[in-house]
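What follows is one structure encoded as C-alpha cells, with my remarks underneath.
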Amino acid sequence: MERYNIKNVEKKWQDIWSKKKTYAAVLNNKKKKFYCLEMFPYPSGKIHMGHVRNYTIGDVLARYKILRGFNVLHPMGWDSFGLPAENAARENNLHPKDWTKKNIDTMKKQLKLLGLALDWDREISTCDPEYYKHQQEFFLELFKKKLVYKKDTYVNWDPAEQTVLANEQVIDGKGWRSGVAVERKKLSQWFFNIKKFSQNLLDELQKLENWPDKVKLMQKNWIGKSYGCEINFQIDKEKKLNKIKVFTTRPDTIFGASFIALSVDHPIAKKFEKNNNFISFKTECSKMGTTEEALANAEKIGFNTGLFALHPLDKKIKLPIFIANFVLMDYGTGAIFGCPAHDQRDLDFANKYNLKVLPVVKPKNIDTTKFVIKNEAFTEDGILFNSNFLNGLTVNEAIKKIIKVIIKKNLGTRKITYRLKDWGVSRQRYWGCPIPIVYNKKGDAIPVKKKDLPVLLPDNVDLKVTANPLDKHPTWKFTKLSTGEKVIRETDTLDTFVDSSWYFVRFCSSKYKKYGYKLADIKYWMPVDQYIGGVEHAILHLLYSRFFMRALAYNNKKFNYIEPFKSLFTQGMVCHETYKNEENQWLYPEEIEKNSDGNLITKKDKKRVVIGASEAMSKSRKNIVDPEEMINIYGADSIRWFMLSDSPPERDVQWSLEGVSAAFKFIQKLWKLNNEILDKKDSPIKSGDVTLEKAVNKTVYNVTKNLDNFQYNVVIANMHEIYNLLYDHVINNKTSNKTLKKQWEKITMLLMPLAPHLAHECCEKINKRYYWPKHDSKLLKDENCTIVIQVDGRKRGILEIPTNSKEIMIIKKSREIANVSKHIENTTIIKNIYIKNKLLNFITKK
RNA sequence: GCCCUCGUGGUGAAAUUGGUAGACACAAAGGACUUAAAAUCCUUGCCCAUUUGGGAGUGCCAGUUCGAGUCUGGCCGAGGGCACCA
C-alpha cells in the first residue's frame, strides 16, 4: 500500500498552485464575485496559532465559494507599520524596515505552508511607500473636505512609549501595548471628524444583517446616542458673562435642581485662573490619578465660584455655581445642573457641600411624606411632585411637557448628544505614515502638493532618542515650498489604524499607481462579502473602517461604498493549558513530559509541574505551540482539520496534541480508503448501493448547509460519519465498485475546502475536474422513518414504518408493541397526538 | 454600577428550532490480534434490575405545554463590553 507522504504531497500542490497562479483573481464582469477577507496580520516575527485558525476558516470559505462557481478574491497583506518595529530596532540594532521585511518573509513562507488559496499577486504592505503615498493623498482630500483638523487637547500620553494613544488604546487606564499607566497631557493633535458621521454610523449599523449582534451592540454603545435638551441658565448680576448652556437627559427634574457644575475647562472657569484657591483646586484634581477607574471612583470635589445662576422657570431660585471634577468638557456642553435627589453623583456632591436635596420624582404607590432621599438617589420611573405644572405626570410625560415649555419660552432646545469622540490620529513615532503637512513661520498648516507625494520616511534615523525620532532628525523636517519659502514638516505620523482602514479597498487594485483605487475594480469587488477576524477589533478597526469609507464617499458621488464589510464573522481564540514549575515560573509545553504514573514533570530535572487554567495562547504565559513545527510533524491538512473539528469557529478552541494527532490519523485513514476504493476490481450491483448513494447525498446536503452556516465543526462530524459508513461498505464489500467510486468522488470534492492537499491528491487519480456536488432532494426522503411512541409523554417504543403511513396504521402498529401495550392496558386513551413521521403520543386517563 | 452573552457526560461538543438528549470526536476502562510494544479493531460509559425493562437527568427553583436543552419569570455561576456620559 502506498503511504501518504505528507511533505511531498503538500509541497507538490503548493508548488502547482504557486506556479499556475491558481488563486489569482481576475476581474470578470460575467462572473459573480465573492470577496473573502481575513484581517491581515501584523508582521511580528512568526505566525501563531491564532493566525492559523483565522486563515483556515477564511480559506475553507474561499475554496468552498470557488467550487460553487464564484469569482473569488482572497488576498493577503501586511499591517506593517507600528511601534514593535521601533522597539525591536532598538534592541537588535536592526532598522525597522529590515526587521519588518525579515518578518514578512518568514511569515509569508509559513502561510504558504498552510496551503491557503490566496492571491499573492495582490500582496500589499502598509509600510511600502507605494501604499502609503495613496494614504497621504486621501489625507489631503480629507483635509480639503474639512474632515481632518488640528486642535489642542488633553491626550492620553503613554510615558513608556512616549506617544499619544487613542481612547480605545487605553485599557483600564493603561497603554494597550506598554501596560503602563497613562498620563494626561495637552498637545496639538490631528483629528479625523468621525463625530460628524455618528448618526449615519448608527443608522447603517442596524442594516448590517450579517454582523454579529454582539459587535453591533458594542458599536452602538460606543457611539452612545442620548436624547435630551439644552437649557440656558442666566448668571445672576453678571451681565458680562454669557448664559450657561447645560445638557440634560432628565429635564423633568428641573424643579429639583440645586446647583450648577462646570468642567474645569469650561470658558467661565478661565475667569478664575488667577484665583489661588482655584489653582490649588485644579492641582488637587490633577493629583487624583488619571486612570479611568480612579477618575470614576474619585471623590467628587468642587470649587465654589461664588456666582449664582437663576432658575429658568423661577427667577427667585438662585443656584450656586461650582466648578467640579466630575464634569467633562468633551461631553454635552461641559456644564450640568445638579439634581441630587435623582442622580447619584449629584447627591454625593450635594451631601459633601451641604446643598439642598429636593425630591421631585417619587415611586408610584408611595406617600409623598414617607419618601425621603438620604444616600441613595432615586433614578427609576415614578410620579412627579414638587414640580409645579409637572406634578402627577410620569417621567416620560414630564420630559415631553417640560421640553415643549422650554422651547416655547425660548429657554433652550431639544438636543441629541453622542458619546463618540473625534479620532485623534497623531502619533509621535517614526515607523508610521508621515502626515503630508508643512508649517510656515506663522504656524499655518499647508498641505503638501500631490505631485510631491509621497512624503517619504528618512532611512537614516536615530531610534535611541526618546520622544519623536522624526522631530530629532537633523535635516528631514526642513524643506521649502515651490516659492522658496522655508517651511517645517509635520513630524507626527498617522495612527496605524488609519493604514488598516482602507487596505481592503487597495486589494481591489493593488498594482494601480495613479490612485489608491481604480473605480472599475472597486465597482466589481467591493464590498467585502465576508470579513473574518477577532472580536477584539469590534470597535476600533471596524468602526474606523466604516468611518473611512464615509470620508472617501463624502462629496464624491463616484464612491458609494460606505459599508465596507457586508458580513462579519468573529472567530474565537486558540487556548492552551498553562504550566508552571514549583518555583512558580511559566513553562513551555515542550519543556514538560509525562512520567510513568501519568503525571506531568519537567523534562530537564524531572520535577513536578503545576497545571494551570487553559487560556488564550500568549508568549508571556508560554502556553504557545509553534505552527510551523506542528506542520512539519503532522502536515498542514491535519492542523487545518483539527482547527475546524473541535469547537464552533466563533468559540474558543482548546489546542491539544491528542486532537491534532487524531486529525492526522483521520487524514491517513482517508488516504488509505481512497487507495482501497481505487484498487477494487469491478463487481455487480449490490444491495448497499442505494444505502450508500442516499447517505452520500445526505452528506452533500448537510455539509453544504453547515458550510453556509459556519458550522465547520459539524461539517467535520459529517465527514467522520460518512467515512465510517464508507469504510464499512469497503471492508464488507457491501457496494458495487462503480457506485463506490462515483460516491467517493463526491466526498473528495467535499474534502477540497477542508483538507485541500489530500483532496487534490485523491482527486488526481479519479477525476481532475473540480466541482461542488449537488444533492438530490428526492433522495433525501427516506422510504422508512422512525416514529417515537410515547405514552403520556414518556418514550415506550419506536416504530420503523414506511414514510407517510396513515395515522390509523401507526396507532394500530404501536399498540402491537409489547412495551407500549403494557403501558396502555387498563387505561382510557383520551387522545393521540401525532406529529407526522416523527412521534405518536397516547394520552391516557387512569 | 449599567448593558450583553453563555451554563448539556471525565473533556470538546451535536440536537432538523417545541418532538428519541448526548450525533461526531478526545480521554479512560476492558477485550481481540501480537512473544511484546506500537498501530489497528471491538465493547463499555448515571442509578436500579440477570435480560426484555424501569427511573433520574441539559446550573438551580417555579411556570406554560400531551411533550421543554429549546419558550416565560426569578435565582446562582462564568465570560465579555461600557463606566464621573449629565
Side-chain angles (χ1 to χ4, degrees), chain A residues 172 212-222 224-226 228 246-251 253 261 263 292-300 324-328 330-339 342-346 348-349 379 417-421 535-536 538-539 598 614 642 645-648 651-654 656-663 665-666 668-669 672 702 705-706 711 713-724 727 731 786-798 818-819 822-823 830-844:
Chain A
D172 293 333
D213 289 336
K214 186 171 76 167
V215 173
K216 287 199 274 187
L217 188 70
M218 278 162 77
Q219 289 208 2
K220 190 185 166 196
N221 291 340
W222 190 263
K225 184 178 185 177
S226 32
V246 152
F247 174 72
T248 178
T249 55
R250 290 294 302 275
T253 62
S263 159
E292 299 275 358
E293 210 183 342
L295 281 171
N297 299 327
E299 197 186 353
K300 279 132 196 73
N325 64 339
F326 65 92
V327 181
L328 307 171
D330 49 8
Y331 182 80
T333 58
I336 61 158
F337 76 75
C339 176
H342 306 291
D343 183 295
Q344 195 57 48
R345 284 162 318 172
D346 296 350
D348 295 345
F349 190 79
T379 54
T417 299
Y418 301 90
R419 204 190 71 108
L420 182 67
K421 286 172 196 143
V535 73
E536 64 273 18
I539 299 169
S614 181
F642 170 68
S645 68
D646 249 32
S647 292
R651 240 184 271 179
D652 287 353
V653 69
Q654 245 332 316
S656 82
L657 270 186
E658 288 85 3
V660 183
S661 144
K665 284 176 198 165
F666 190 69
Q668 296 290 346
K669 280 178 175 179
K672 241 174 102 184
N702 284 332
K705 185 188 72 190
N706 292 327
Q711 287 188 292
N713 58 325
V714 188
V715 170
I716 298 292
N718 295 147
M719 297 311 290
H720 273 286
E721 250 169 315
I722 197 66
Y723 167 85
N724 290 342
Y727 181 78
I731 290 293
T786 312
I787 293 175
V788 177
I789 313 301
Q790 297 182 335
V791 179
D792 292 323
R794 286 176 183 274
K795 180 185 156 195
R796 298 301 179 191
I798 53 169
N819 197 41
K822 193 174 97 188
H823 282 93
I830 308 168
K831 61 172 174 175
N832 310 311
I833 287 161
Y834 176 62
I835 308 294
K836 201 176 171 192
N837 297 332
K838 271 183 188 164
L839 177 136
L840 175 68
N841 192 0
F842 292 105
I843 312 301
T844 70

B:rG53 OP1/OP2 closer than 4.0 Å to side-chain N/O of A:H823: no

Nearest-nucleotide wise, let me know which of A:Y727 and A:G659 is further upstream toward the 5' end of RNA chain B. A:G659

Under 3.5 Å for both distances, Watson-Crick or G-U wobble, that's the pair rule; now give the dot-bracket for RNA chain B, with | marking pairs to another strand and [ ] for crossing ones. (((((((..(((......[....))).(((((.......))))).(((....)))...(((((..]....))))))))))))....

What's the gap between B:rC33 and B:rU43 when it is taken at their C1' atoms, as a whole Å value? 15 Å

Pairwise side-chain contact, A:Q668 with A:K672, heavy-atom cut-off 4.5 Å (strictly under): no

Picking from B:rC41, B:rC3, B:rC85, which would you name as closest to the side chain of A:R419? B:rC85

Residue whose closest nucleotide on RNA chain B lies nearer the 5' end, A:R796 versus A:D646: A:D646

In whole Å, measure the gap between the C1' atoms of B:rC26 and B:rG9 for me. 13 Å

Among B:rC24, B:rC84, B:rA27, the nucleotide that comes nearest once only the side chain of A:H720 is considered: B:rC24

Interatomic distance at P, B:rC47 relative to B:rA15, whole Å: 28 Å

At under 4.0 Å, does any side-chain N or O of A:S647 touch on OP1 or OP2 of B:rA13? yes

What contact category does A:K705 fall into here, base, sugar-phosphate, or nothing, at under 4.0 angstrom with non-hydrogen atoms? nothing

Polar atom pairs (N or O), protein with nucleotides 18-23 of chain B, under 3.5 Å:
unit_1, atom_1, unit_2, atom_2, d
B:rG19, N2, A:Q790, OE1, 3.4
B:rU20, O2, A:K795, NZ, 3.4
B:rA23, O2', A:E721, OE2, 3.2

Is the base of B:rU5 syn or anti, if syn means a glycosidic angle within 90° of 0? anti

Pick the P atom in B:rA25 and in B:rC42, then give their distance to the nearest Å. 10 Å

Donor/acceptor link under 3.5 angstrom from A:K214 side chain onto base of B:rC4: no

Classify the glycosidic conformation of B:rG9 as syn or anti, calling it syn when the angle lies within 90° of 0. syn

Can you check the A:F666 CZ to B:rC26 P distance for me, whole Å? 10 Å

State, to 0.1 Å, how close A:K300 and A:F349 come at their nearest heavy-atom pair, and which atoms those are. CB-CD1, 4.0 Å

Check every atom of B:rC26, B:rA86, B:rC3 against the side chain of A:A662 and return the nucleotide holding the closest atom. B:rC26

Protein-nucleotide distance (A:I539, atom CD1; B:rC3, atom P), rounded to Å: 18 Å

Calculate the interatomic distance between A:K421 atom NZ and B:rA83 atom C1'; express it in whole Å. 11 Å

d(CD1, A:I731; C1', B:rC42) in whole Å: 14 Å

Across the strands shown, which category fits A:N819 at heavy-atom distances under 4.0 angstrom: base, sugar-phosphate, nothing? sugar-phosphate

Whole angstroms only, please: what is the CG-C1' distance between A:D652 and B:rG79? 10 Å

Donor-acceptor pair, distance only, cut-off 3.5 Å: does the side chain of A:N819 make one with the backbone of A:G797? no

Considering every strand and a 4.0 Å limit on heavy-atom distances, what is the contact class for A:S645: base, sugar-phosphate, or nothing? nothing

Can you check whether A:T844's main-chain N or O pairs, donor with acceptor, with A:D792's side chain at less than 3.5 Å? yes

Please check: side-chain N/O of A:N713 versus main-chain N/O of A:S645, any donor-acceptor pairing under 3.5 Å? no

Applying a 4.0 Å non-hydrogen cut-off, can you work out what A:D348 is touching in the nucleic acid: base, sugar-phosphate, or nothing? nothing

Send over the distance from A:Q711 CD to B:rG12 P, rounded to a whole Å. 18 Å

If the cut-off is 4.0 Å, is A:R345 near the phosphate of B:rA83, judged by side-chain N/O to OP1 or OP2? no

Just by distance, do the side chain of A:R796 and the backbone of A:V791 share a donor-acceptor pair under 3.5 Å? no

Between A:R651 and B:rG12, is there a contact of a side-chain N or O with OP1 or OP2 at under 4.0 Å? no

How long is the line joining NZ of A:K216 and C1' of B:rG81, in whole Å? 17 Å

Shortest side-chain distance from A:V327, nucleotide among B:rA13, B:rA86, B:rA56: B:rA86

Would you mind reading off the distance between A:Y834 atom OH and B:rG67 atom C1', rounded to a whole angstrom? 17 Å

Would you say A:Q344 reaches B:rA83's phosphate, i.e. side-chain N/O to OP1/OP2 under 4.0 Å? no

B:rG69 and B:rA56: how far apart are their P atoms, nearest whole angstrom? 13 Å

I'd like the P distance from B:rG30 over to B:rG19, given in whole Å. 40 Å

Looking only at heavy atoms, the pair that brings A:F247 and A:S226 closest together is CZ-O, 4.1 Å

Determine the Euclidean distance between corresponding C1' atoms of B:rA32 and B:rA38; express it in Å to zero decimal places. 16 Å

Where the side chain of A:Q219 meets the backbone of A:A538, is there a donor-acceptor pair that is under 3.5 Å apart? yes

Restricting to side chain to side chain donor-acceptor pair (under 3.5 Å), what partner residues turn up for A:K225, sequence neighbours left out? A:Q199, A:Y227

Can you list the steps and then say if A:N832 with A:N841 is a side chain to side chain donor-acceptor pair (under 3.5 Å)? CA-CA 6 Å; A:N832 310 311; A:N841 192 0; over 6 Å; no

Sticking with atom C1', work out how far B:rU20 lies from B:rG67, rounded to a whole angstrom. 12 Å

When you measure from the side chain of A:N325 to the backbone of A:E299, do you find a donor-acceptor pair of N or O atoms at a distance under 3.5 Å? yes

The reported gap from OG1 in A:T786 to NZ in A:K838 (rounded to nearest 0.5 angstrom) is 12.5 Å

Ion pair A:D343/A:R345, N-O distance below 4.0 Å: yes

Which part of the nucleic acid, if any, lies within contact of A:K669, taking any heavy atom under 4.0 Å across all strands shown: a base, the sugar-phosphate backbone alone, or nothing? sugar-phosphate

Looking at every strand, decide which applies to A:V653 at a 4.0 Å heavy-atom threshold: base, sugar-phosphate, or nothing. nothing

